[in-house]
Amino acid sequence: MIKNDTALVERLAKPSSQAGSLDDLPADVREDFPLASLREAFPALQQKNEQGGALVYFDSAASALKPREVIDTVADFYATDYANVHRSAHRLAERATERYEGAREAVRRHLGAGEVHEIVFTRNATEAINLVANSWGDLLARDCMRSPKLAVSMMEHHSNLVPWQRLAARCDAELLVIPINDVGEIDMEAYEQILKTNDVALVALAHISNVLGTKNPIAELVACAHRHDALVLVDGSQAVPHTSVDVKALDADFYVFTGHKVFAPSGIGVLYGKEKLLEAMPPWQYGGEMVERVSFQQASWNKLPWKFEAGTPPIAQAVGLDAALTFVRRIGVPAIEAYEQRLGTSMRQRLQKIEGLTLLGEARLRAPIFSFALDGLNAFDLAALLDKQGFCCRAGHHCAEPLVRHYGLSGCLRVALAFYNSEQECEAFVEALAKARAMLA
Ligand SMILES: *Cc1c(COP(=O)(O)O)cnc(C)c1O
């Protein structure tokens, strides 16, 4: 299945400045995803379980593993260039600032944003969404005469739901819920109808669902929202690890993601916002770094993006994110996506063959994330028995409780694959699941 292609492996092993993306390679080489060498790049995958078998990590939608070069980059940064940014006039501060702002440029490039100051660093996706709900929310609150509405889809993560509930309560605005169809895709007709018949100020939508795996047609959804004068915030937390994102092509007004799901350290998130919107928005946290001039009585605000980055930012985490994006770009996002499509399709076929297994979501466009119920078995019991066999999976409502309840469940088991997972692991999983099931019967 995986042919050993030394030329490609060598090419991937080169530092980023010398290596091109896989797009430059001939098509026949692209077929051969260098799985073995990529797996070696992840120290956590080299561990064994108690029986001496392999550890299988199927929980990348909760957080992804870190490649050695991300870990090393962060450690080296602390050892050589670390200091606080934007402040002191010494060499370390200068180098740290260069690395931190360099990471911002790497994110701009990765998302296809036009301006580097359209990229704001936060702690995670949750904080990025709260930033918009608070700051853009201030503008909305001032406009209460309008009695606007907000809209979310049924498949939102709590992080892209609860902040909008709070804003709706603050503005006395209604929060509308966009339904999904039988296969777990956004119901496009209902979506357009909601926008047509309501004064919706903003729609918050997941690019890819962390439960169903559904990949939403964001460009189409954004265009429809814009036709009805609504802004769109896209939650790309599950999209950036699995697919190419071009915020300009999507025409998203806001786009957020979280570093730890794209192989970067935890503690770093990103908000992209269109310049005009970010300019109009007030700061949402106050303190050092976000100010221009300060007297005892008042202060004026710094320029974008620092207006939104109060206090010492996650400096090393941003440097780690830069390394993670470099790693991903060296493999090539299209190559990752192609491999994951093949792996995901075969995993889906394996799961569909299991009697008594109900898959949540059968969308045509999807990422390799699968949630399911098995007979009436408790998902936590299944996950515990799978863990004993070396499989790391997640059980529960996956921070999308209303969605899981929509399927009549209180919890389900989730298998979330990444490019470091293999066919062999998927095959072994089906056997392990059968064993766990027999033990619970
Ligand atoms: C994980 C996730 C989030 C939240 O990410 P944090 O890092 O916890 O802020 C938001 N939305 C989706 C779709 C997610 O998968």
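As the structure lists them, so they are numbered: ligands from 1, and atoms in each ligand from 1. The chain is numbered in sequence order, starting from 1. Quick caveat: nothing in here was measured; it's all calculated off a predicted structure.
- Of the heavy atoms in Glu156, none comes closer than 4.0 Å to ligand 1.
- Of the charged side-chain nitrogens involved, none lies within less than 4.0 Å of a carboxylate oxygen, so that Lys276 and Asp253 do not count as a salt-bridged pair.
- Between Arg170 and Asp138 a salt bridge is recorded (basic side-chain N to carboxylate O distance below 4.0 Å).
- Between Ala61 and ligand 1, not a single N/O pair is under 3.5 Å apart.
- Between atom 12 (C) of ligand 1 and the options Asp235, Asn210, Thr126, Asn124, the minimum heavy-atom separation is to Asp235.
- Within ligand 1, counting atoms from 1 as listed, the ones closer than 4.0 Å to a heavy atom of Ser159 are 4 (C), 10 (C).
- Taking the charged nitrogens against the carboxylate oxygens, Arg348 and Glu362 do have a contact shorter than 4.0 Å, which makes a salt bridge.
- Interface atoms of ligand 1 facing Thr258, defined by a heavy-atom separation under 4.0 Å, are 5 (O), 6 (P), 7 (O).
- Judged purely by atom type and a 3.5 angstrom limit, Arg405 has no side-chain atom pairing as donor or acceptor with the backbone of His397.
- Across Met155, His207, Lys261, heavy-atom proximity to atom 2 (C) of ligand 1 is greatest for Lys261.
- Within the listing of ligand 1, atoms 5 (O), 9 (O) sit less than 4.0 angstrom from a heavy atom of Ala125.
- No hydrogens or angles considered: a donor-acceptor pair under 3.5 Å links the side chains of Ser60 and Tyr420.
- In this structure, Glu340 contributes its side chain and Pro368 its backbone to no donor-acceptor pair below 3.5 Å.
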